[in-house]
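Below is one structure, written out as C-alpha cells; comments come after it.
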Amino acid sequence: MALVIYNTLTKRKEPFKPLETGKVGVYVCGVTAYDKSHLGHARSAINFDVVVRYLRSKGYSVNHITNFTDVDDKLIARAHELRMDPLDLSKQMIDEYFSVMDELKIRRANAYPKASETITDIIEMVKGLVDKGIAYESGGSVYFIVGKVEDYGKLSGQSLDQMITGTRKEPGEDKRDPMDFALWKAAKPGEISWDSPWGRGRPGWHIECSAMCLKHLGKTIDIHGGGTDLIFPHHENEILQSEAYNCAPFVKYWMHNGMLTIDKEKMSKSMKNFFLVREVLKEYTPQTIRFFILNASYRQPLDYAEQSLEDAEKALDKLQNSYEGLLADAERATGDDDAAGISEGYLTAFEKKMDDDFNTREAIAVMYDLAREANRMKGRDRLSRDGVKNIISVFDKFNDIFDVLTEPKTTKVVKGGIDIPDTVETDELLLKSSALTDDEVDRLLQSRAEARDSKDFARADFIRQELARRGIEIQDTPEGAVWKRK
RNA sequence: GCCGGGGUGACAGAGAGGCCAUGUGGCGGACUGCAGAUCCGCAGACAGGAGUUCAAAUCUCCUUCCCGGCCCCA
C-alpha cells in the first residue's frame, strides 16, 4: 500500500515519496493573528492535523511548521483602533488560537514561527533577491520583478499576459510594473517597523512564508498546505521568491483544503458570515466538530449548517455506541471468535482509504461497516475477549488519527431482581438534590428492576425519568440495565 | 473577461468505466411492558443534450446553473 497525494501543482494524485526517506517536512500556512478564529480556520487545522497524524502513524518522522502572521496591514489597523501595541494584540490572538485549537484536539506543530521573529531571515532573503537582480528598491520598499520569471503561474494556471490585459491595476506606489509585488514595505509614520538596508520598514506578506520554509525546513519542502484561497497570489508568489533565491524547486506536494461555506458562500470575516470556533464549541463537542469536518473530502467546499452539526452528532453516536459496547464487553465476552481476520481486514481497508489522498469520508464508511459487523457478532455472543480486543484495536487506530471517540464516562451493568431494596430509601434518593453516587444509581436501578419484575411500569418509568433528569442515561439489555453519565 | 472546482437518491456527502458507498430520514420486520440501542430487509440517484465503449454517475464535446480565486483571506 502506498500513499498518494493530490498535488495542486500537477492537478493529479501522485505517489508520495519524501525527499529524504522516512522524513517529511510539512509547512502549513497559519492565520493572521488579528482576530479570533472562525470555523473555517478550524477546518484547515483539523484537515492538516489528520494529514500529519496519518503520516506519523505510517512511521514518518514529520517536522510540521505553521506560521503566525503578526505583522500585517489589518493587524496594524485593528491595533490602532484598539490603541494597542500590534504585537500585544497578536500575542493575545495567538493565545486565543491555541486555546480553541487545543480544545479541538489539534496536535501542536513542531514550531510556530512568527513574522516578527523572522525579520533577520526575511531581510537576508530580500537582499539576496535584490542582488540577483530580480527585485529592486524603490522609495524605501522592495519589489519582486514578476516579468522576469519565465514559468509564471505554474500553480494557479494564471498567465501573465492574461492578467495584464484582464485586470486593470492601480498605477501602484513606487512599482515599475503593476504586477510586481512587495517584498519589503517602507514604514509609514507610526507603524511598527524594523531597520533594513532600505530604511525602516516591514516585510510584505508572501516573503515570511518563504523565509520560514527555508529556515525551518530547507530549500525544498515535501508538503506545503493551506486553503484554496491562498493559491493565488500567495502561494504563487512564494514559489517565485523561493525558487529565485534558492535556485531549487520550492515544494514537492502542494495540498489545499476547500473552503467552509455558508449557503454555498465562503465563510470569511469580510463577508461577516462566520461562526467563531469558540461559539460553536458551546453548542457542540470537539468530537462532533471534528467528525463534521472529517466526514467530507478535504479538497471540496463544505457547507456549514446547524443541521449538519446535528447530523454529525447523531452519526458519530453510532460509532461511539459501538465502541462503548465493545469496551464494556472486553472483560466479559464469552464467545470463541477472536476476530483476528476481520480486524486485520478492516484495518487494511481503512488504511487503503486513507492512503488514497486521505479519504477520511471513505475511511469513516469502513468504520461503519466494522461497527455493524461488531454489533452483529456481539449480539450473537460470538466474540471472545480477544476478539473484542482485536476489534477495539482497530477503533483505537482509527481514533489515533481522527480523535472523535471518547472514553465512556461510566458504563455499568446492573442485574435486576437480586436484592430487595428498601423502597423508602430509594425514594429519598430520588428526592436528593445533589449528584448521585455510582452506588446510589445502582441502588435506584435495582429498585427499578424490581418494579419492572412486578409489572409496576409507572414506577419503573418514573425512576428512569428521574435519572435522566440527573444526566444518567439508561438502556435495558438482556443482561440488565446499562447506564452512563452524559 | 481569465484561471480553478462543482452540479449524485428526502437531506448531508463519497465514488471516477462494469461490482453495495456510508450516515441521517422513510417504509417493513426481529428484539422489547414502554423507550432507547442493536440486527435483518425494502424503496430511492447521478443537471440537460450529443458522442466514445460490449459497458459511462465516472471519458470527450456542447448547453446550463452554482461556488472559489484575480485587494485581504484557512
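All chains are named by letter (A, B, ...) in the order of the sequence lines, taking the proteins before the strands, and each is independently numbered beginning at 1.
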#### Entry: Ion pair check, A/Asp73 and A/Arg202, cut-off under 4.0 Å
yes
### Message
Checking A/Arg459 against A/Ser454 for the side-chain hydrogen bond (donor to acceptor under 3.5 Å, both in side chains) test, could you report, in this order, the C-alpha distance in whole Å, the side-chain angles of both residues, the deciding distance, and whether it holds?
### Response
CA-CA 10 Å; A/Arg459 178 167 171 78; A/Ser454 55; over 6 Å; no
### Task
For B/A43 and B/A56, measure between their C1' atoms and round to the nearest Å.
24 Å
### Task
Just compare B/C34, B/C72, B/A74 and give me whichever is closest to any side-chain atom of A/Asp476.
B/C34
### Message
Tell me the interatomic distance from A/Glu306, atom CD, to B/U24, atom C1', rounded to whole angstroms.
### Response
16 Å
### Query
Can you tell which of B/A14, B/C2, B/U22 lies closest to the side chain of A/Ala296?
B/A14
### Message
Could you spell out the base pairing of RNA chain B as a dot-bracket line? Use Watson-Crick and G-U wobble contacts where both distances are under 3.5 Å, [ ] for crossing pairs, | for partners on a different strand.
### Response
(((((((..(((.....[...))).(((((.......)))))....(((((..]....))))))))))))....
### Task
Take atom CD of A/Glu473 and atom P of B/A35, then tell me their distance rounded to the nearest Å.
16 Å
### Message
Checking contacts here: which listed nucleotide (B/G15, B/A74, B/C39) is nearest the side-chain heavy atoms of A/Val31?
### Response
B/A74
### Under 3.5 Å donor-acceptor pair, A/Arg464 side-chain atoms to B/C34 base atoms
yes
Which atom pairs link the protein and nucleotides 16-19 of chain B when you take only N or O atoms and keep those under 3.5 Å?
none

### Between C1' of B/G33 and CD1 of A/Ile474, the distance in whole Å
14 Å
### Task
Determine, using ring centers only, whether A/Tyr112 and A/Phe98 are less than 6.0 Å apart.
yes
### Query
What residues form a side-chain contact (heavy atoms from CB on, under 4.5 Å) with A/Ser90, not counting sequence neighbours?
A/Ala33, A/Asp70, A/Leu75, A/Leu87
### Query
Mind checking what makes salt bridge (charged side-chain N to carboxylate O under 4.0 Å, His left out) contact with A/Glu466, not counting sequence neighbours?
A/Arg469, A/Arg470
### Summary
A/Lys13 meets the salt bridge (charged side-chain N to carboxylate O under 4.0 Å, His left out) criterion, sequence neighbours left out, with A/Asp356
## Note on the structure
RNA chain B nearest-nucleotide lookup for A/Ala365 and A/Arg372: closer to the 5′ end is A/Ala365
### Task
Quick one: label A/Thr32 by what it contacts on the DNA or RNA (base, sugar-phosphate, nothing), any heavy atom closer than 4.0 Å.
sugar-phosphate
### Query
Looking for any heavy atom pair under 4.0 Å, which part of the strands does A/Asp229 touch: base, sugar-phosphate only, or nothing?
base
#### Entry: B/C40 versus B/C31 - spacing of their P atoms, nearest Å
16 Å
#### Entry: Side-chain donor-acceptor pair present, A/Asp442, A/Gln446, cut-off under 3.5 Å
no
### Message
Could you work out, with salt bridge (charged side-chain N to carboxylate O under 4.0 Å, His left out) as the rule, every residue matching A/Arg176, not counting sequence neighbours?
### Response
none
### Query
What nucleotide, of B/C72, B/A74, B/A37, holds the atom closest to the side chain of A/Pro233?
B/C72
### Message
Between B/G18 and B/C11, how far apart are the two C1' atoms, rounded to whole Å?
### Response
29 Å
### Task
Verify the contact: side-chain N or O of A/Asn321 to OP1 or OP2 of B/A37, cut-off strictly under 4.0 Å; return yes or no.
no
### Message
Can you build the contact string for nucleotides 5-12 of chain B? Use B for base contact, S for sugar-phosphate-only contact, and - for no protein heavy atom under 4.0 Å.
### Response
SS-----B
### Sugar-phosphate, base or nothing in reach of A/Phe457, heavy atoms under 4.0 Å
base
### Message
Please report the distance separating the C1' of B/G48 from the corresponding atom of B/U8, rounded so that it comes out in whole Å.
### Response
15 Å
### Inter- and intrachain pairs under salt bridge (charged side-chain N to carboxylate O under 4.0 Å, His left out), touching residues 40-51 of chain A, at least two apart
A/Asp49-A/Arg53, A/Asp49-A/Arg290
### Query
Is there a side-chain polar atom (N or O) of A/Lys353 under 4.0 Å from OP1 or OP2 of B/A21?
no
Heteroatom pairs (N/O) under 3.5 angstrom, protein to nucleotides 42-48 of chain B:
none

### Query
Are A/Phe232 and B/G69 stacked, counting the six-membered base ring, centres under 5.5 Å, planes under 30°?
no
### Query
Could you state the NZ-P distance from A/Lys455 to B/C34, rounded to the nearest angstrom?
10 Å
### Query
What nucleotide, of B/A74, B/G33, B/C40, holds the atom closest to the side chain of A/Arg376?
B/C40
### Message
Distance check, C1' atoms only: B/G68 and B/U60, in whole angstrom units.
### Response
26 Å
### Message
So if I apply the side-chain contact (heavy atoms from CB on, under 4.5 Å) rule between A/Phe250 and each of A/Glu238, A/Gln241, A/His235, which one comes out positive?
### Response
A/Glu238
## Note on the structure
The residue, A/Tyr298 or A/Gly258, whose nearest nucleotide of RNA chain B is more 5′ is A/Tyr298
### Query
Rounded to the Å, how far apart are A/Met179 CE and B/C71 C1'?
13 Å
### Query
Starting at NZ of A/Lys314 and ending at P of B/U24, how long is that distance when rounded to a whole Å?
9 Å
### Message
What is the distance, to the nearest angstrom, from the CG atom on A/Asn273 to the C1' atom on B/G68?
### Response
13 Å
### Message
Please classify the nucleic acid contact of A/Met267 as base, sugar-phosphate, or nothing, using heavy-atom distances under 4.0 Å.
### Response
base
#### Entry: Contacts of type salt bridge (charged side-chain N to carboxylate O under 4.0 Å, His left out), residue A/Arg385, not counting sequence neighbours
none
### Message
Between B/U53 and B/U58, how far apart are the two C1' atoms, rounded to whole Å?
### Response
13 Å
### Message
Students often get this wrong, so: under 4.0 angstrom with heavy atoms, is A/His234 touching a base, only sugar-phosphate, or nothing?
### Response
nothing
### Query
Considering residues at least two apart in sequence or located in another chain, which fulfil the side-chain hydrogen bond (donor to acceptor under 3.5 Å, both in side chains) criterion with A/Asn321?
none
### Message
Can you identify which nucleotide, out of B/U38, B/G33, B/U22, has its nearest atom closest to the A/Arg452 side chain?
### Response
B/G33
#### Entry: Side-chain donor-acceptor pair present, A/Glu351, A/Tyr54, cut-off under 3.5 Å
no
### Task
Could you state the atom-to-atom distance from NZ of A/Lys185 to C1' of B/C71 in whole Å?
10 Å
### Counterpart residues, side-chain contact (heavy atoms from CB on, under 4.5 Å), relative to A/Val31 (two or more places apart)
A/His41, A/Phe68, A/Tyr97
#### Entry: Side-chain donor-acceptor contact under 3.5 Å, A/Asp336 with A/Ser384
no
### Message
Could you tell me if the side chain of A/Ile474 sits less than 4.5 Å from the side chain of A/Ile472, heavy atoms only?
### Response
yes
### Message
side-chain contact (heavy atoms from CB on, under 4.5 Å) for A/Ile46 and A/Tyr298? Distances and angles first, verdict last.
### Response
CA-CA 10 Å; A/Ile46 291 168; A/Tyr298 79 88; over 6 Å; no
### Task
Please measure how far the C1' atom in B/A16 lies from the corresponding atom in B/C46, and state the result in whole Å.
12 Å
### Task
Pick the C1' atom in B/A45 and in B/A14, then give their distance to the nearest Å.
13 Å
